[in-house]
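Just so it is clear, the values below take in all heavy atoms, side chains as well, and ignore hydrogens, waters and symmetry mates. A quick note: this is a predicted structure, and the numbers were derived from the prediction, not measured. The chains referred to below are lettered A, B, ... by the order of the sequence lines, with proteins before strands, and numbering in each begins at 1.
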Number of protein chains: 2
Amino acid sequence: MVTSLGLRATKQRAAVLALVDEVADFRSAQELHELLRARGESVGLTTVYRTVATLAEAGELDVIRRADGESVYRRCGSGAHHHHLVCRDCGAAVEVEGPAMERWAERVAADHGYSQVAHTLELFGVCPVCSAAK
Amino acid sequence: MVTSLGLRATKQRAAVLALVDEVADFRSAQELHELLRARGESVGLTTVYRTVATLAEAGELDVIRRADGESVYRRCGSGAHHHHLVCRDCGAAVEVEGPAMERWAERVAADHGYSQVAHTLELFGVCPVCSAAK
DNA sequence: CCCCTTAATGAAAGTCGTTGTCATTTCCAT
DNA sequence: ATGGAAATGACAACGACTTTCATTAAGGGG
């Protein structure tokens, strides 16, 4: 799985991959580092940062920024382009698609002569579980 | 203008306000600080940070995050809710609206039981001027 | 117009997420 | 097995931003 990306199969990468496969919520590099330590599979913080960066580049992980600017990662179910509806409290996320919006974005950009267009779109709210727990 | 927010009218706030009124592009606190220094109206970096934070809270400035996570500010033409089409190279920005998208976001969130929903949406590209200059 | 309280300023130090360095370890092709 | 390249990890460094705190100055009351 990692080898298909020209990467070596190390214990650490396996541990990170196993973890993000289990955790459904968006988690920061530091949180992942702590979770690994807690389960007795310690991986250096630097390595966690490098690993999630690599996996994100390869499209294996989704990255978004929390309100405070911290980057949080999550295993994405689909390789296709999508966005997220994320819980502000627990990080629980739902993948959402909006083809009509993608087209709108393209058109708006083209109308103003902008090229090489990309967009960021994330929805933040409080999930049903966290709402109920209040 | 600043006094209507319960703030004192200081030389520094006037200088920052005058600057953001002239500059149409999104600029970081550090860039604003440097621009002020260059025009001989030096304002402490700390004060620039505090001022843009205050103005942003008051809705007088728009804030977005660059790809590297740095916050950049701009005077917004309309007080109404809007998004931006921003040039990656020079920060030039166009205000855009997408009422259909706002409704889509609301509906998607409601469908999944999420409450207190907010969203971030920015379009990034290369503006006509920067495209031509390449 | 002059105090005098209180907000505002700014230099420097601190915080925090993240990245660079580099010696050591580990993978894996030969 | 083994040599060489890639990966690891402790630590230092970095950069945006915030806090601290002593000093300055705004602006209302007398």
Side-chain angles (χ1 to χ4, degrees), chain A residues 1-20 25-58 60-74 91 120, chain B residues 1-20 26-58 60-74 91:
Chain A
M1 192 307 206
V2 294
T3 57
S4 61
L5 302 167
L7 302 173
R8 288 186 180 174
T10 66
K11 190 174 316 185
Q12 291 86 347
R13 289 211 255 253
V16 172
L17 271 171
L19 179 59
V20 295
D25 310 337
F26 274 96
R27 292 295 161 91
S28 70
Q30 312 222 41
E31 288 167 352
L32 294 174
H33 170 70
E34 175 57 26
L35 287 171
L36 286 167
R37 204 188 56 71
R39 58 155 71 177
E41 296 179 330
S42 274
V43 174
L45 182 56
T46 308
T47 299
V48 174
Y49 271 109
R50 274 189 297 236
T51 303
V52 294
T54 302
L55 291 175
E57 268 176 59
E60 293 294 328
L61 287 185
D62 278 1
V63 198
I64 63 177
R65 301 255 186 173
R66 278 209 274 249
D68 65 357
E70 191 174 7
S71 292
V72 286
Y73 304 85
R74 178 190 198 258
T120 65
Chain B
M1 191 306 205
V2 292
T3 57
S4 60
L5 302 168
L7 303 173
R8 286 184 183 176
T10 65
K11 191 174 314 185
Q12 291 86 347
R13 290 211 254 254
V16 172
L17 271 171
L19 178 59
V20 294
F26 275 97
R27 291 293 160 88
S28 70
Q30 314 224 40
E31 287 166 353
L32 294 174
H33 169 70
E34 175 56 26
L35 287 170
L36 287 167
R37 205 188 55 73
R39 58 155 71 175
E41 296 180 329
S42 274
V43 174
L45 182 55
T46 307
T47 299
V48 174
Y49 272 109
R50 274 188 295 233
T51 303
V52 293
T54 302
L55 292 175
E57 269 176 58
E60 293 295 328
L61 287 184
D62 279 1
V63 198
I64 62 177
R65 301 256 186 171
R66 278 210 274 249
D68 64 357
E70 192 174 8
S71 292
V72 287
Y73 304 84
R74 178 189 198 259

Requested in this report: I would like to know whether B:Arg65 and A:Glu70 meet salt bridge (Lys or Arg N to Asp or Glu O under 4.0 Å); could you show each step before the answer?
Outcome: CA-CA 12 Å; B:Arg65 301 256 186 171; A:Glu70 191 174 7; over 6 Å; no
Nearest 0.5 Å, what's the [atom1]-[atom2] distance between [X] and [Y]?
X: A:Leu19; Y: A:Leu36; atom1: CG; atom2: CG; result: 5.0 Å
X: B:Tyr73; Y: B:Ile64; atom1: OH; atom2: CD1; result: 11.0 Å
X: B:Arg66; Y: B:Arg27; atom1: CZ; atom2: CZ; result: 8.5 Å
X: B:Leu35; Y: B:Glu41; atom1: CG; atom2: CD; result: 11.0 Å
X: A:Tyr49; Y: A:Thr54; atom1: OH; atom2: OG1; result: 14.5 Å
X: B:Leu17; Y: B:Glu60; atom1: CG; atom2: CD; result: 7.5 Å

Report summary line: Sorted by number, residues from residues 13-20 of chain B placing a heavy atom under 4.0 Å from DNA chain D are none
Report task. Would you mind telling me which residue lines up with the more 5' stretch of DNA chain D, B:Ala9 or B:Val72, judged by nearest nucleotide? Result -> B:Val72
Query raised in the report: Of B:Arg8 and B:Gly69, whose nearest nucleotide on DNA chain D comes first from the 5' end?
Result: B:Gly69
Query - Of residues 27-37 of chain A, the positions that come close to DNA chain C - non-hydrogen atoms, cut-off under 4.0 Å - result: A:Gln30
Query raised in the report: Heavy atom of residues 42-50 of chain B under 4.0 Å from DNA chain C: which residues?
Result: B:Val43, B:Gly44, B:Thr46, B:Thr47, B:Arg50
Shortest non-hydrogen contact from [X] toward [Y]:
X: A:Val43; Y: A:Ala15; result: CG2-CB, 4.2 Å
X: A:Leu45; Y: A:Ala29; result: CD1-O, 4.3 Å
X: B:Phe26; Y: B:Glu31; result: O-OE1, 4.3 Å
X: A:Val72; Y: A:Ser28; result: CG1-N, 3.7 Å

Report summary line: First and last nt of DNA chain C near chain B, cut-off under 4.0 Å to heavy atoms, 5' to 3', are C:dT6 to C:dA12
Report task. Mind checking salt bridge (Lys or Arg N to Asp or Glu O under 4.0 Å) for B:Arg37 and listing every partner two or more places apart, or none if nothing turns up? Result -> B:Glu34
Query raised in the report: First and last nucleotide of DNA chain D touching chain B, 5' to 3', heavy-atom cut-off 4.0 Å?
Result: D:dA16 to D:dG27
Query raised in the report: Would B:Arg13 and B:Val16 count as a side chain to side chain contact (heavy atoms under 4.5 Å, CB included) if you check the C-alpha gap in whole Å, the side-chain angles of each, and the deciding distance to 0.1 Å?
Result: CA-CA 5 Å; B:Arg13 290 211 254 254; B:Val16 172; 5.8 Å; no
